[in-house]
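These notes concern the structure reproduced below.
Within every chain, numbering begins at 1; the chains are lettered A, B, ... in the order of the sequence lines, protein sequences first and strands thereafter. Computation of the quantities below employed the complete heavy-atom set of this structure, encompassing side-chain atoms and omitting hydrogens, waters and symmetry-equivalent molecules. Given the structure is predicted, the values throughout are model-derived calculations rather than measurements.
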Amino acid sequence: MQLKVKDFDLKKTIECGQFFRYELIDGKYYLAHRDNLLVVEQQKDKLIFKGATEKFIKSFFRLNDPYKEIISTISTDKHMNQAVEKSFGLRIIRQDPWECLISYICSQNSNIPRIRKKVNCIAKTFGKKTSLGSFQNYTFPNPGELNNFEKIKTCKVGYRAKYIHKANNINEHELMDLRKKDYNEAMKYLQNLFGVGEKVADCVCMFSLDKLNAFPVDVWIKRVMQELYFNNKIVSNKQIKELANNKFGKYAAYANQFLYFSRRKLV
DNA sequence: CGTCAGGTAGCCA
DNA sequence: TGGCTACCTGAC
């Protein structure tokens, strides 16, 4: 199946570090996410895919987000103009909240290759084998299925094993319902989970709960924000989030991704 | 070896 | 609130 796309760059979107279970083979991206296994490739303005419906693709890659409006909303200065220029076409992936939560718990104090190893290992250890043509991968386990603490530890997640084991008891219905709640309520719920602080909660909000006003502050965002907007002064995460909120408003999440991408020069 | 990497809990002022 | 440190692990 195929689909015409505008203002979309598949490579940037997948490789920018927001999404962890994929493989690039012969120019095609094989994606595994929760129970889905799909293959996608982009040829200019054409998106060719298998293993998913058009509806899923549009929702997953947020192809219906008003890209031009988002960019004009956040492009209030030359810094953001430059960031947008470098990362144009990058979209926020709309992930499954549960897999997203576990993935970002794994992300603490880890670089991208290590996060990918951990998340893939959890799928391999607890998920079911699945295939698309000759490509094989694993589903992501459901809440309740990560109940073996020793097995979790074999995935090299270190001290995060106890967080994952505890998160396993989550009520998935409640988690999904956070999509309908506002940002503050979602943050409160998430930060109540053991091992989930402000950064991880913000990531789950922005990558899976449709909270486009979220603005996760990690070390990279902190560096770039201090450079661009605080004259290289060391400031608190709270100050950074306040500024982002005022400056980028309801699309702060996109500003966050553009700044992160352009700073790290990924892809 | 030490340091660092997309943080958080627990503790203290 | 804000500041501090231990913490699993693997790459350099």
Side-chain angles (χ1 to χ4, degrees), chain A residues 12-22 83 86-87 90 92-93 95 97 99-122 124-125 146 148-170 184 186-209 211 214-228 230 233-245 252-267:
Chain A
K12 287 177 186 170
T13 298
I14 291 177
E15 295 187 15
C16 72
Q18 60 177 322
F19 185 76
F20 305 108
R21 295 207 294 136
Y22 73 88
K86 281 188 196 169
S87 42
L90 172 61
I92 290 171
I93 290 182
Q95 300 186 31
E99 181 164 346
C100 186
L101 172 66
I102 298 301
S103 301
Y104 280 89
I105 286 175
C106 289
S107 80
Q108 313 180 171
N109 254 340
S110 303
N111 54 26
I112 292 166
R114 273 200 60 211
I115 302 166
R116 294 185 60 194
K117 266 185 201 156
K118 289 185 263 191
V119 178
N120 279 299
C121 183
I122 289 172
K124 188 170 181 177
T125 307
L146 293 172
N148 187 327
F149 184 71
E150 292 307 317
K151 258 173 134 180
I152 294 171
K153 280 217 200 148
T154 64
C155 294
K156 308 288 182 193
V157 294
Y159 64 86
R160 305 156 197 86
K162 54 185 182 288
Y163 304 155
I164 294 167
H165 192 237
K166 201 75 187 285
N168 180 52
N169 296 322
I170 204 166
N184 289 321
M187 285 294 283
K188 209 168 102 187
Y189 183 94
L190 293 168
Q191 286 187 261
N192 238 3
L193 301 170
F194 184 45
V196 177
E198 192 170 22
K199 156 68 169 62
V200 170
D202 258 321
C203 284
V204 174
C205 275
M206 108 170 186
F207 293 125
S208 77
L209 297 178
K211 307 295 179 264
F215 196 85
V217 181
D218 59 41
V219 292
W220 294 96
I221 286 294
K222 188 162 184 150
R223 259 171 231 163
V224 66
M225 288 294 282
Q226 284 172 173
E227 271 176 33
L228 300 181
F230 293 93
K233 221 172 59 194
I234 292 175
V235 293
S236 68
N237 290 5
K238 196 179 162 193
Q239 283 174 279
I240 291 173
K241 285 183 72 161
E242 268 167 18
L243 185 137
N245 199 17
Y254 270 98
N256 186 291
Q257 281 304 88
F258 291 150
L259 288 170
Y260 182 76
F261 182 93
S262 58
R263 171 57 191 249
R264 299 212 55 187
K265 298 188 186 72
L266 295 158
V267 181

| said: Is the shortest side-chain heavy-atom distance between A/I164 and A/C155 below 4.5 Å? | reply: no
If I compare all heavy atoms of [X] with all of [Y], which pair ends up nearest, and what's the gap?
X      : Y      : value
A/M206 : A/I92  : O-CG2, 3.4 Å
A/V196 : A/A201 : CG1-N, 3.9 Å
A/A83  : A/L259 : CB-CD2, 4.1 Å

Atom [atom1] of [X] to atom [atom2] of [N]: distance rounded to whole Å?
X      : N     : atom1 : atom2 : answer
A/E242 : C/dT1 : CD    : C1'   : 13 Å
A/I115 : B/dC4 : CD1   : P     : 19 Å
A/K199 : B/dA9 : NZ    : P     : 13 Å
A/N192 : B/dA9 : CG    : P     : 10 Å
A/I92  : B/dG6 : CD1   : P     : 19 Å
A/K241 : C/dT1 : NZ    : P     : 13 Å
A/Q239 : C/dG3 : CD    : C1'   : 15 Å
A/I240 : B/dG6 : CD1   : P     : 16 Å

| query | Taking atom C1' in both C/dG2 and B/dG6, what distance in whole Å separates the two? | reply | 22 Å
| request: Please measure how far the P atom in B/dC11 lies from the corresponding atom in C/dC8, and state the result in whole Å. | output: 15 Å
| message | As an exercise, state the distance from CZ of A/F207 to CD1 of A/I93, rounded to the nearest 0.5 Å. | response | 8.5 Å
| Toward the 5' end of DNA chain B, which comes first, A/D218 or A/L193, by nearest nucleotide? | A/D218
| field | Closest-nucleotide 5' rank along DNA chain B - winner of A/Y163 and A/C203 | value | A/C203
| Where along nucleotides 4-11 of chain C does protein come under 4.0 Å, by heavy atom, of base (B) or sugar-phosphate alone (S), with - for untouched nucleotides? | ---BBBS-
| task | Would you please indicate if the ring centroids of A/Y254 and A/F261 are separated by under 6.0 Å? | result | no
| said: Quick check on A/K153: does its NZ atom have over 12 non-hydrogen neighbours (other residues, nucleotides or ligands) under 6.0 Å away? | reply: no
| message | Using a 4.0 Å heavy-atom cut-off, does A/F194 contact any base of the nucleic acid, only the sugar-phosphate backbone, or nothing at all? | response | sugar-phosphate
| task | Treat a base pair as Watson-Crick or G-U wobble with both distances under 3.5 Å, then lay out DNA chain B in dot-bracket form, 5' to 3', with | for cross-strand pairs. | result | .||||.|||||||
N/O donor to acceptor pairs below 3.5 angstrom from side-chain atoms of residues 156-163 of chain A, sequence neighbours left out:
unit_1, atom_1, unit_2, atom_2, d
A/R160, NE, A/Q108, O, 2.9
A/R160, NH1, A/V157, O, 2.8
A/R160, NH2, A/Q108, O, 2.7
A/K162, NZ, A/Y159, O, 3.1

| task | Please say which of A/K241, A/K211, A/Q191 ends up in a side-chain hydrogen bond (donor to acceptor under 3.5 Å, both in side chains) with A/D202. | result | A/K241
